[in-house]
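For reference, the structure is listed below as structure tokens.
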Protein chains: 2
Amino acid sequence: MTIKEVSEKYDLSADTIRYYERIGLIPHVPRKENGIRDFDEASCGWVEFIKCMRGAGVQVEALIDYVALFFQEGTEAARKDILVEQRARLQEQLENLQTTMQRLDYKISHYDEILKCSEKLKS
Amino acid sequence: MTIKEVSEKYDLSADTIRYYERIGLIPHVPRKENGIRDFDEASCGWVEFIKCMRGAGVQVEALIDYVALFFQEGTEAARKDILVEQRARLQEQLENLQTTMQRLDYKISHYDEILKCSEKLKS
DNA sequence: TATTGACTTCGAGTGGACTCCAAATGCTAC
DNA sequence: GTAGCATTTGGAGTCCACTCGAAGTCAATA
């Protein structure tokens with residue numbers, strides 16, 4: 001697959017994909033003889049994985065570390081540590097999000113009240 | 001309250017609080033005659049609100065708009081629209097977060113397996 | 001053969017959200 | 001009154017994660 005196809009498949013700009021590859025998030029992308037990227041399944045898998053992680057706000061730095069460890073043997077524990085730490089971050093973020101959404105719901109219902117009343121007043 | 005006290009109370013740097021005030025996120029902070037900020041309850045309330053929203057990732061721009069509308073009458077519908085839109089964003093983010101956490105859980109349990117096996121092999 | 005358009009690299013530029021700095025002023029303690 | 005610390009302003013600097021531009025290569029088409 002060309003970078004354009006991958007870009008469309010995962011809804012990421014080609015620039016972003018090249019950037020991810022450059023900094024080590026998408027390892028070993030195969031090339032044709034002329035140097036043009038020719039993504040195979042493994043590379044697509046990495047693109048999809050990175051997109052998912054970034055979409056949830058996992059830091060690029062942590063992903064760089066994880067991907068680098070992935071290609072060294074005996075680093076399973078270290079890789080797991082990264083995932084566990086990132087999971088904890090996401091858990092925290094999840095709680096923030098829930099609290100804030102409740103607060104927004106409360107405020108929204110408050111505005112609903114107000115708007116309902118001002119409707120009534122008009123009629 | 002001085003900015004330092006507010007900063008400690010809400011665990012935000014004084015610079016951040018000044019920045020928020022400057023861009024319009026914390027309106028009408030009272031001053032003493034010498035020009036030094038003297039936060040009252042209302043201002044603290046805004047600080048706390050903004051901290052909560054920012055902590056969940058609500059964009060500064062949306063908050064600026066909301067705060068500005070807050071001091072104009074008859075803008076209830078517009079204010080509500082902002083909150084509804086931001087809530088939708090957070091909902092989306094919540095779903096990303098949940099998907100990604102499940103994926104991390106799966107990967108973590110996979111590493112647990114691997115590490116358990118390599119423990120056994122050693123003994 | 002000339003143009004069009006996708007691809008390449010490298011480095012620079014951007015946008016969002018802070019974060020820091022300099023210079024001035026003010027409060028408190030010695 | 002002067003040392004030392006907090007505060008003020010305005011503007012500059014930083015960090016992260018892209019995003020864009022320039023200059024070049026290559027393949028297909030008019």
Side-chain angles (χ1 to χ4, degrees), chain A residues 1-40 43-44 46-47 49-67 86 89-90 93 96 100, chain B residues 1-26 28-40 43-44 46-47 49-68 82 85-86 89-90 93 96 100:
Chain A
M1 286 181 109
T2 66
I3 199 164
K4 182 143 188 257
E5 286 163 340
V6 176
S7 150
E8 280 159 10
K9 182 167 180 186
Y10 297 107
D11 193 30
L12 287 171
S13 80
D15 271 324
T16 299
I17 296 171
R18 280 190 213 100
Y19 164 69
Y20 284 166
E21 187 192 3
R22 181 162 23 138
I23 64 174
L25 292 189
I26 302 167
H28 313 319
V29 178
R31 308 288 181 124
K32 295 193 212 149
E33 306 85 65
N34 56 18
I36 288 178
R37 291 172 184 81
D38 184 18
F39 289 77
D40 58 8
S43 291
C44 284
W46 280 107
V47 172
F49 172 67
I50 295 300
K51 179 186 171 157
C52 177
M53 295 296 134
R54 288 293 307 127
V58 175
Q59 286 159 354
V60 166
E61 190 63 31
L63 295 171
I64 290 174
D65 292 349
Y66 180 78
V67 174
Q86 295 307 313
R89 285 183 194 281
L90 297 193
Q93 182 59 12
N96 282 341
T100 304
Chain B
M1 286 182 108
T2 66
I3 199 165
K4 182 144 189 256
E5 287 162 339
V6 176
S7 149
E8 280 159 10
K9 180 165 179 187
Y10 296 108
D11 193 30
L12 286 171
S13 81
D15 270 323
T16 299
I17 296 170
R18 281 191 213 98
Y19 164 68
Y20 283 166
E21 187 192 3
R22 181 162 23 144
I23 64 174
L25 292 190
I26 301 167
H28 313 319
V29 178
R31 308 289 180 126
K32 294 192 215 152
E33 306 83 65
N34 55 20
I36 287 179
R37 289 173 186 81
D38 184 18
F39 289 78
D40 58 8
S43 291
C44 282
W46 281 106
V47 172
F49 172 67
I50 296 299
K51 180 188 168 155
C52 177
M53 294 297 134
R54 288 293 308 129
V58 175
Q59 286 160 355
V60 165
E61 190 62 30
L63 295 170
I64 291 174
D65 293 348
Y66 179 80
V67 175
I82 291 176
E85 193 195 324
Q86 295 308 313
R89 284 182 195 281
L90 297 193
Q93 182 58 14
N96 280 341
T100 304

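All values below come from the heavy atoms of this structure, side chains included, with hydrogens, waters and symmetry mates left out. Throughout, a chain's letter reflects where its sequence line sits, starting with A, and its residues are numbered from 1.
- Protein chain A touches strand DNA chain D; the 5'-most and 3'-most nucleotides with an atom under 4.0 angstrom of its non-hydrogen atoms are dA17(D) to dC20(D).
- The side chain to side chain donor-acceptor pair (under 3.5 Å) check on Thr100(A) picks up nothing, with sequence neighbours excluded.
- Under the side-chain hydrogen bond (donor to acceptor under 3.5 Å, both in side chains) criterion, no residue pair touches residues 50-64 of chain B, with sequence neighbours excluded.
- At a non-hydrogen distance threshold of 4.0 Å, Asp15(A), Thr16(A) from residues 1-16 of chain A come into contact with DNA chain D.
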Checklist line | Step-by-step side chain to side chain contact (heavy atoms under 4.5 Å, CB included) determination, Ile17(B) to Phe39(B) | finding: CA-CA 11 Å; Ile17(B) 296 170; Phe39(B) 289 78; 3.7 Å; yes
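- The stretch residues 51-59 of chain A touches DNA chain D through Arg54(A), Gln59(A), each having a heavy atom under 4.0 angstrom from the strand.
- For the segment residues 28-39 of chain A, no residue has any heavy atom less than 4.0 angstrom from an atom of DNA chain D.
- Contacts between chain A and DNA chain C, taken as any atom within less than 4.0 angstrom of a protein heavy atom, begin and end at dC7(C) to dG11(C).
- Applying the side chain to side chain donor-acceptor pair (under 3.5 Å) criterion to Glu85(B), with sequence neighbours excluded, gives Arg89(B).
- When the options Tyr66(B), Phe49(B), Trp46(B), Tyr20(B) are evaluated for a side-chain contact (heavy atoms from CB on, under 4.5 Å) with Leu25(B), the one that passes is Tyr20(B).
- For the side-chain contact (heavy atoms from CB on, under 4.5 Å) test, residues two or more places apart in sequence or in another chain that qualify with Asp40(A) are Pro30(A), Ala42(A), Ser43(A).
- Take Glu5(B) and apply the side-chain contact (heavy atoms from CB on, under 4.5 Å) test, not counting sequence neighbours, and it matches Met1(B), Thr2(B).
- Glu21(A) meets the side chain to side chain donor-acceptor pair (under 3.5 Å) test with Arg31(A), Arg37(A); sequence neighbours excluded.
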Checklist line | Test log, rule side chain to side chain contact (heavy atoms under 4.5 Å, CB included), inputs Ile50(A) and Met53(A) | finding: CA-CA 5 Å; Ile50(A) 295 300; Met53(A) 295 296 134; 5.6 Å; no
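- Nearest-nucleotide positions on DNA chain C place Glu61(B) closer to the 5' end than the other of Arg18(B) and Glu61(B).
- In terms of heavy-atom proximity, Gly24(A) sits nearest to Val67(A) at O-CG1, 3.2 Å.
- Applying the side chain to side chain donor-acceptor pair (under 3.5 Å) test to Asn34(B) and every residue at least two apart in sequence or in another chain returns nothing.
- The minimum heavy-atom distance linking Ala62(B) with Gln86(B) is given by the pair CB-NE2, 3.3 Å.
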